[in-house]
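Inspection log for the structure reproduced underneath, given as structure tokens.
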Number of protein chains: 2
Amino acid sequence: MPTDKRKSPEDRKFVVALSRGLEVLRCFGPRDRWLTNQEMARRTGLAKPTISRLAYTLTRLGHLRYSEQLNKYALGSAAISLGFAALGQMDVRRAARPFMQELSDYTKASVHLAVNDQLSMQVVDTYWNSASFVIDIGSRVPVATTSLGRAFVAALPPAERKQILAAMKAARPADWPTTRRRFAQALRDYQQYGFCFGLGDWRREINAVAAPLFLANGAGPHVIGCSGAAFQLEPGKLKRDVGPRLLALLGNVRSALARD
Amino acid sequence: MPTDKRKSPEDRKFVVALSRGLEVLRCFGPRDRWLTNQEMARRTGLAKPTISRLAYTLTRLGHLRYSEQLNKYALGSAAISLGFAALGQMDVRRAARPFMQELSDYTKASVHLAVNDQLSMQVVDTYWNSASFVIDIGSRVPVATTSLGRAFVAALPPAERKQILAAMKAARPADWPTTRRRFAQALRDYQQYGFCFGLGDWRREINAVAAPLFLANGAGPHVIGCSGAAFQLEPGKLKRDVGPRLLALLGNVRSALARD
DNA sequence: GGGCACCGTTCCGCGGTACGGAACGAGGTG
DNA sequence: CACCTCGTTCCGTACCGCGGAACGGTGCCC
């Protein structure tokens, strides 16, 4: 469902075997460390022998590893390594570090840097102070219900925004009415303030603000957000204090990036 | 060269297209953010049209992104996301955190957690105190010349050790005599002390110790190491103070992992 | 501005590769 | 011991990916 693996009308450029292999890697969520052949087949919709071959190939390349006793596969170190190669090239991360740390110090809450992947926001950097509430590096949070996701969607050009909203509708039809309303609000917030809110709808008692950061390098927008206990970050404070500081932070990051 | 992409005698299970696609992703090192079609072709040894198709596929899947004005490709957010999914499942990382922090506090040097990938060690977690010397998360260091790499190789079962040494010989024939000698020494160090040294041969004025950590989950050995300025970490101190503390750290991590 | 060199994409026919239904083998269970 | 489940292997065929060659675009130099 996520991407239409079926090649469009006459797409001879699309290499199906590669796409399928990556789809296999993708079915390892944070939840499931070990997957059986069968489970991968179910998730990807591919035939068992196909999975068997792809998994074999991925194992030989180090992207998966195999447990003899469990007869199950898990992600291997090559997969890690691949992601980190990508991470090392994110100079935003380096540039944003001191400012994120500073905001975290000021708010006593956690500050996150995230990028989008499918219907999740992938947290690639985190700062926190009191050990109150921690999303670690590597966590993924849903686009639909978090300030990070809303800021991302709000920042998207209309065409792409439509696409991702459609994907969300398809993924969770039951939640769509709520989702739709929340994103409409998020869009208004973004236009009015420059940032979006998440007030207890991802996790109760957690409030957050987030704002997008556009870079010159042609990547999708990155998002920086600040989240913490609801009693500590009431909506008023987010709107009048934390949000504006977040925008200032983004400005600082942009000029730090422009400098070098 | 790294892995023999050419299928062995009669390996009908190996999916070449998938392997090639991943090889394309692999050619993005920390150094090179943007690669042209041609450069990828050169590095992988594949024909231009092949690269073109693979890159197209990877771009559609979000693992690469394309700059219209540069006519170049860079790693995309899906690649990041993939790596982090793997990272999130490394509970070693969570378990080791407090102990690594502690060792870093004590030595005033940096402490690293790394996994192996091909001929590099991939640093997946870092702690440091004084801002003296920092290898960030995401860095890669060579197996050949670092304590991290030596500890990894020394910990390998003989058959695999032979393989990786052969790969290193093939990659840098000129350095082989030195490399060979150094690894022989590393092996002795490992047998005698349980850890290996890196004394200025990766970067001058940097000394380090590292030791492997075996886990029950069937993954290759992880490695934890401590590195810092040579004048601060003289060989004697590494051998008598830091090294033994490193071994204690490993013990703590193991029992922390066994607990839950 | 014309010519040239270079690079990336597209074309297209062939070769062989990846596909998946069916058979096989291995554990586990009643 | 028969039965079930799950993963791998077998194998013929369809068709997918391959790469040499042609094409179009861009920048450079004379």
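All values derive from a computational prediction rather than experimental measurement. Chain identifiers are assigned alphabetically (A, B, ...) following the order of the sequence lines, protein sequences preceding nucleic acid strands; residue numbering begins at 1 within each chain. What's counted below: heavy atoms across the whole structure, side chains too, no hydrogens, waters or symmetry copies.
Formation of a donor-acceptor pair under 3.5 Å by the Asn116(A) side chain with backbone atoms of Gln118(A) is found in this model. For the pair Arg161(A) (side chain) and Leu156(A) (backbone), a donor-acceptor distance under 3.5 Å is present. A donor-acceptor contact shorter than 3.5 Å is absent between the side chain of Arg65(B) and the backbone of Tyr73(B).
The CG atom of Asn71(B) sits 9.5 Å away from the OG1 atom of Thr36(B) when rounded to the nearest 0.5 Å.
Under a 4.0 Å N-O distance rule, the pair Lys72(B)/Asp32(B) does not qualify as a salt bridge. We find that Glu39(B) and Arg42(B) are joined by a salt bridge, their nearest charged nitrogen and carboxylate oxygen being less than 4.0 Å apart.
Contact annotation: Lys48(B) does not reach the phosphate of dT9(C) (side-chain N/O to OP1 or OP2, under 4.0 Å). Remark: Ser52(A) is not in phosphate contact with dT9(D), judged by side-chain N or O atoms under 4.0 Å from OP1 or OP2. Between Thr36(B) and dC7(C) there is no side-chain N or O to OP1 or OP2 distance below 4.0 Å. Checking the phosphate oxygens (OP1, OP2) of dG20(C), no side-chain nitrogen or oxygen of Arg53(A) falls inside 4.0 Å. Here Asn71(A) does not reach the OP1 or OP2 of dC6(D): none of its side-chain N or O atoms lies under 4.0 Å away.
Along DNA chain D, the nucleotide nearest Pro49(A) and the nucleotide nearest Val15(A) are compared for position; the residue whose nucleotide lies closer to the 5' end is Pro49(A). Summary of the strand contacts: Glu39(A) and Ala17(A) both lie near DNA chain D, and taking for each the nucleotide with the nearest heavy atom, the more 5' one is attributed to Glu39(A). Both Leu54(A) and Ile51(B) sit near DNA chain C, but only Ile51(B) has its closest nucleotide nearer the 5' end.
The interatomic distance linking Phe14(A) (CZ) with dC16(D) (C1') rounds to 13 Å, in whole Å. One interatomic measurement links the two molecules: CZ of Arg20(A) to C1' of dC15(D), which rounds to 12 Å at whole-angstrom precision. Rounding to whole angstrom units, CG of residue Leu46(B) and P of dG8(C) are separated by 15 Å.
Taken over five-pair windows at either terminus, the axes of the helix from dG1(C)-dC30(D) to dG30(C)-dC1(D) are inclined to one another by 30° (rounded to 10 degrees).
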(message) Between Arg254(B) and Phe214(B), does the side chain to side chain contact (heavy atoms under 4.5 Å, CB included) criterion hold? Intermediate values first, please.
(response) CA-CA 9 Å; Arg254(B) 262 193 297 272; Phe214(B) 294 93; 5.6 Å; no
